[in-house]
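In what follows, every heavy atom counts, from backbone to side chain, and hydrogens, waters and symmetry copies are set aside. Residues: numbered from 1 along the sequence shown. Both counts, for ligands and for their atoms, begin at 1 and track the order of listing.
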Amino acid sequence: MSTSPRHFLDISALSKAEMRLLLDEAHRRKDARKGWPKGAPDADRPLDGCALAMIFQKNSTRTRISFEIGMRQLGGSSLVMSAADTQLGRGETVHDTARVVSRMVDAVMIRANDHQDVVDFAAASEVPVINGLTDLSHPCQILADIMTIEEWRGPIDGKTIAWLGDGNNVCMSFVHAAEKLPFTLRIATPPHYAPRRQEIEAAQKAGAQVRVVTDPQAAIAGADVVVTDTWVSMGDTDKDARLRAFPPYSVNEAIMQRAAPDAIFLHCLPAHRGEEVTDAVMDAPNSAVWDEAENRIHAQKAVLLWCLGRL
Ligand code: CP
Ligand code: NVA
């Protein structure tokens, strides 16, 4: 009897124990290879012989590199496809593509415009499918973010995270993480750009300590971590309206003064300096964005191991 593959589509689908397991594995593997050349395999090469395919419908720097180098460090190999260059770009269905690709590799990572495409791909795939960002969520990013917070400030338990700006895909994965870990999440967005109410209510029901407000000052007051993201995500078509709505949510030195004195700053990147964040905040000593970017590798390795039943 065949068992269904272990997909990583959203943090909300993990148990609390699985979330902790993934984070602990990411920390452990990072510590175990400190100072090694980045392309050198981990001592145990746990995915020796395994192959990962990556399909991108949108641009990427960090996600692509972290999965490619992460897979190499685990002893496996990877290949990258731009969706437009595949037969998907000429109308082959997601279902048929998933059937074929999953016969040829051991896992698939997809960055898609439409979340439903990733869900449909996973339903037809014989191997684990990983969400590498959709219009609705970015679960891989949030593992790296929580890992970074723990490196800089210790256990996530009891911390307050303030999200300022767009209630977008990255914000939504923070909401999902708040269901699994005991931190408080305060989200400040312009009224028309709040995360979907239904999802917030579901998260609150699942135990997340999450609150959505419109006042950025209220959200940031005393926060241990301040996070933002671009005001115009890939695929957004209302750029002008966004650029008018978001300036009060810009993370600058003045608003950072309202956070806890040792608050750290996070951004999934790419940043639009001078819009959602100023140079001064990006380049401040308490900006953890470069560690956050590096941690994508360590977090993605944990995801791959979990998906392939090695965790
Ligand atoms: N943060 C992130 O996912 O970056 P990329 O778009 O460069 O992959
Ligand atoms: N919210 C951004 C994240 C990029 C990593 C986007 O979807 O474009």
Side-chain angles (χ1 to χ4, degrees), residues 8-11 26 52-71 78 80-84 108-118 130-149 163-177 187-190 192-196 199 225 227-239 241-243 245-246 249-251 265-273 275-277 282 287-304:
F8 183 78
L9 302 188
D10 267 318
I11 287 172
L52 170 76
M54 290 183 260
I55 302 175
F56 287 94
Q57 288 184 343
K58 307 187 193 196
N59 298 49
S60 171
T61 299
R62 282 142 287 264
T63 303
R64 174 180 172 165
I65 300 178
S66 58
F67 272 102
E68 196 159 333
I69 294 297
M71 200 59 191
S78 60
V80 174
M81 293 180 286
S82 154
V108 183
M109 190 235 74
I110 312 178
R111 170 166 286 194
N113 294 311
D114 183 348
H115 190 86
Q116 191 59 42
D117 280 348
V118 178
I130 298 167
N131 171 2
L133 179 144
T134 68
D135 53 335
L136 299 188
S137 59
H138 197 4
C140 291
Q141 179 67 51
I142 289 336
L143 281 181
D145 288 13
I146 305 281
M147 182 186 173
T148 308
I149 294 166
W163 175 279
L164 267 57
D166 191 13
N168 63 12
N169 43 8
V170 179
C171 178
M172 190 46 69
S173 286
F174 257 118
V175 172
H176 293 156
I187 300 169
T189 73
H192 297 304
Y193 298 99
R196 287 173 305 163
E199 292 246 19
V225 181
V227 200
T228 189
D229 185 16
T230 181
W231 294 338
V232 186
S233 283
M234 294 181 277
D236 284 338
T237 51
D238 53 345
K239 182 175 178 186
R242 286 170 170 274
L243 293 182
F246 283 108
Y249 299 83
S250 181
V251 181
F265 173 71
L266 294 181
H267 189 311
C268 64
L269 307 180
H272 300 75
R273 290 166 177 259
E275 292 186 5
E276 75 273 8
V277 60
M282 271 288 283
S287 167
V289 299
W290 315 119
D291 286 344
E292 181 186 7
E294 178 197 327
N295 284 339
R296 291 294 302 278
I297 296 184
H298 311 293
Q300 267 56 130
K301 286 167 69 180
V303 170
L304 286 161

Close-contact set for ligand 1 against His138 heavy atoms, below 4.0 Å: 2 (C), 3 (O)

Atoms in ligand 1 flagged as close to Cys268, the criterion being non-hydrogen separation under 4.0 Å: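 Contacts of ligand 1 toward Cys268, numbered from 1: 1 (N).
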
Please determine if [X] has a nitrogen or oxygen closer than 3.5 Å to a nitrogen or oxygen of ligand 1.
X      : result
Met234 : no
Pro270 : no
Arg296 : yes

contact_flag Leu269 ligand 2 heavy-atom lt 4.0 Å: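 Yes, that is the case, since the closest heavy atom of the residue is under 4.0 Å from the ligand.
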
What protein heavy atom is closest to [atom], reported as residue, atom name and distance in Å?
atom                   : value
atom 7 (O) of ligand 2 : Asn169 ND2, 2.8 Å
atom 7 (O) of ligand 1 : Thr61 N, 2.6 Å
atom 8 (O) of ligand 2 : Met234 N, 2.8 Å
atom 6 (O) of ligand 1 : Arg111 NH1, 2.8 Å
atom 4 (O) of ligand 1 : Arg62 NE, 2.9 Å
atom 3 (C) of ligand 2 : Asp229 OD2, 3.6 Å

Gap between atom CH2 of Trp163 and atom CG of Asn168 - 0.5 Å precision: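 Asn168 CG to Trp163 CH2: 4.5 Å, rounded to 0.5 Å.
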
Distance in Å, Asp291 CG paired with Arg296 CZ, rounded so as to fall on 0.5 Å steps: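 Result: 14.5 Å between the selected atoms.
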
Between [X] (side chain) and [Y] (backbone), is there a donor-acceptor pair under 3.5 Å?
X      : Y      : value
Gln300 : Thr63  : no
Tyr249 : Thr189 : yes
Arg111 : Leu133 : no
Thr228 : Leu164 : yes
Ser137 : Pro139 : no
Asn131 : Asp10  : no

Part of Leu269 with heavy atoms under 4.0 Å of ligand 1, whether side chain, backbone, both or neither: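 Backbone only.
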
Cys268, Pro270, Cys171 screened by side chain to side chain contact (heavy atoms under 4.5 Å, CB included) with Asp229, the one that passes: Cys268

When only distance counts, is [X] in polar contact with ligand 2, meaning an N/O pair under 3.5 Å?
X      : result
Pro270 : no
Ser233 : yes
His138 : no

contact_flag Lys58 ligand 1 heavy-atom lt 4.0 Å: no

Aromatic centroids of Tyr193 and Phe246 separated by under 6.0 Å: yes

Contacts of Asn113 that satisfy side-chain contact (heavy atoms from CB on, under 4.5 Å) - sequence neighbours left out: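 With neighbours one apart ignored, the set is Gln57, Lys58.
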
Under 4.0 Å to a heavy atom of Leu133 - the qualifying atoms of ligand 2, by number: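 Listed by number with element, the hits are 3 (C), 4 (C), 5 (C), 7 (O).
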
